Colleague: 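Quick one: the structure is below, and I'll ask about it shortly.
Sequential numbering from 1 along the given sequence is applied to the chain's residues. The model shown is predicted, which means the values in this text are computed figures rather than measured ones. Counting starts at 1 for both ligands and their atoms, in listed order.
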Amino acid sequence: MSLIVQKFGGSSVADAASIKRVARRIVHAKRAGNDVVVVVSAMGDTTDELLELANQVSDGPPARELDMLLTAGERISMSLLAMAIADLGADARSYTGSQAGLITDGAHGAARIVGVSPGRIQEAIADGAIPIVAGFQGVSHDTKDVTTLGRGGSDTTAVALAVALNASVCEIYTDVDGVFSADPRIVPAARKVPFITYEEMLELAAVGAKVLHVRCVEYARRGDLPIHVRSSFSTHEGTFVLSPEAIATAIAEGRAMEQPIISGAAADVNDAKITVIGVPDKPGEAAAIFRALADASINVDMIVQNVSAAATGRTDVTFTCAQGASATAKKALEAQRAVIGFEALLVDDQIAKVSLVGAGMRSNPGVSATFFTALADANINVQMISTSEIRISVVTTVADASRAVQALHTAFGLDADGEAVVYGGTGR
Ligand code: ASP
Ligand code: MG
């Protein structure tokens, strides 16, 4: 008998009819002979609505209270789902994150899981019941307060539980058919990717593909747990996120095709670009800039330093960070202006990071040449470049981003013959 963890996103449990549909699906998996553990997100837009309410009663809701409030969303869906399952004649029991043994640190709003003690979940399974766990929440090991894992965190709850329970797979049910080679709303010929490695999925999740929470993929990789991303609105197979070894086995057994060199392209329009103009070209300057940013808790992504002008002995340093952090970054640098000795700061938030990801980049020459030729042919100007072993990212204007993704998708032969089915989903 195998143990399956099934996670249902907000759009899959948006109303009573959806909850009943999901309940049937869960009971079906149980009656097929599996042990099933379920993790749910809050119904539809509940989390956003609760946040909105909090902001109406307070100018700065205390983080502890905000977490207490937001975790209520998942408690509503978990108990309703348990009721719907009971109606189908099966035994379902709902548990909060704390009851399910999800122990976290005390960072309200962005807590990290530090341990999972799923004793009560194991007891329920042993009784033949279906445990329904509230996603996105836990309890702090030191303050004993209720915490949340950050937006989209139910994916991480599901994977953490699946690893702790030694499940055979974690199925993430959403409103799209899986992971696509590009956002089908930008590239109509995008195709579903049947198999993808943890590493590629991590890179894609980090550069704007919104299907999975980044931490959930990190967790699955560490536990070598297969993830199956699929739609709760169809019975199609979705995307399997696996280790390279597991994919090689699937290919050898004829369950998977040879992996393409490139798995996908994505654009992220949530970054800002900051240029520090006229930085004296001497040792310690970059250190001073990035120390000031680190002290203000700014996550820096790409960095470029220009060649200094011989006449002035000064150079420009450009970096990107999240748009939401650009005001703080600017303030932090202004405060150090006299120490660093730069001339001016330029902030541009009309930028996009366009990325191409594929494990095949490691072993196939010419990927960069094709990449930059495709952008050149589309007359798209590149402002910054950064790479990892399996990713190339460039900064373009926001206006060019969709065209850039489309051009790369075509240049790397990823276009499907037909159009992708779009249910209008958001990947929740
Ligand atoms: N309900 C939470 C959110 O909207 C957690 C989740 O859906 O995974 O972010
Ligand atoms: Mg989600």
Side-chain angles (χ1 to χ4, degrees), residues 5-15 18-19 22 37-55 61 63-82 94-100 102 104 107-113 116 132-139 146-163 170-176 178-179 201-202 205-206 208-220 225 227-233 238 241 270 322 324 425-428:
V5 173
Q6 300 189 323
K7 181 257 168 179
F8 294 91
S11 56
S12 299
V13 291
D15 51 27
S18 312
I19 291 176
V22 163
V37 174
V38 176
V39 173
V40 274
S41 291
M43 296 170 69
D45 295 325
T46 301
T47 307
D48 289 324
E49 289 160 9
L50 291 173
L51 264 175
E52 172 68 39
L53 257 178
N55 289 322
R64 178 188 184 278
E65 302 311 324
L66 203 52
D67 271 0
M68 194 58 109
L69 176 73
L70 294 187
T71 54
E74 270 71 11
R75 288 194 186 207
I76 294 172
S77 50
M78 75 176 188
S79 43
L80 289 173
L81 184 56
S94 64
Y95 299 91
T96 65
S98 161
Q99 288 177 315
L102 279 124
T104 71
H108 285 294
R112 267 183 186 278
I113 297 173
V116 185
I132 316 285
V133 178
F136 162 68
Q137 56 182 271
V139 62
V146 168
T147 54
T148 63
L149 309 180
R151 299 305 304 268
S154 297
D155 293 346
T156 306
T157 303
V159 168
L161 264 177
V163 170
C170 181
E171 297 183 333
I172 306 266
Y173 285 91
T174 175
D175 59 5
V176 292
V179 178
M201 194 62 238
L202 271 176
K210 292 170 209 74
V211 204
L212 288 178
H213 202 226
V214 174
R215 278 191 193 165
C216 124
V217 186
E218 284 169 353
Y219 223 105
L225 174 90
I227 299 179
H228 185 185
V229 183
R230 59 193 307 191
S231 169
S232 71
F233 298 84
V241 189
N270 298 311
T426 57
R428 285 198 315 184

Colleague: With a 4.0 Å cut-off on heavy atoms, does Gly135 reach ligand 1?
Modeller: no

Colleague: How about Thr104 and Thr147: does a side-chain donor come under 3.5 Å of a side-chain acceptor?
Modeller: yes

Colleague: Are Ser41 and Phe8 close enough that some pair of their side-chain heavy atoms sits under 4.5 Å apart?
Modeller: no

Colleague: Provide the number and element of each atom of ligand 1 under 4.0 Å from a heavy atom of Gly152.
Modeller: 3 (C), 5 (C), 6 (C), 8 (O), 9 (O)

Colleague: For the residue pair Thr156 / His213, report whether a side-chain donor-acceptor contact shorter than 3.5 Å exists.
Modeller: yes

Colleague: Atoms of ligand 1 less than 4.0 Å from Ser41 heavy atoms?
Modeller: 6 (C), 7 (O), 8 (O)

Colleague: If you count the atoms of ligand 1 from 1 in the order shown, which ones are under 4.0 Å from a heavy atom of Arg151?
Modeller: 3 (C), 4 (O), 9 (O)

Colleague: Does the pair Glu171 and Arg230 meet the rule for a salt bridge (Lys or Arg N to Asp or Glu O under 4.0 Å), with working shown?
Modeller: CA-CA 7 Å; Glu171 297 183 333; Arg230 59 193 307 191; 3.4 Å; yes

Colleague: Tell me, please, which residues at least two apart from Arg64 pass side-chain hydrogen bond (donor to acceptor under 3.5 Å, both in side chains).
Modeller: Asp145

Colleague: Judging by distance only, is a nitrogen or oxygen of Ser154 under 3.5 angstrom from one on ligand 1?
Modeller: yes

Colleague: Side chain or backbone of His213 under 4.0 Å from ligand 1, or both, or neither, by non-hydrogen atoms?
Modeller: neither

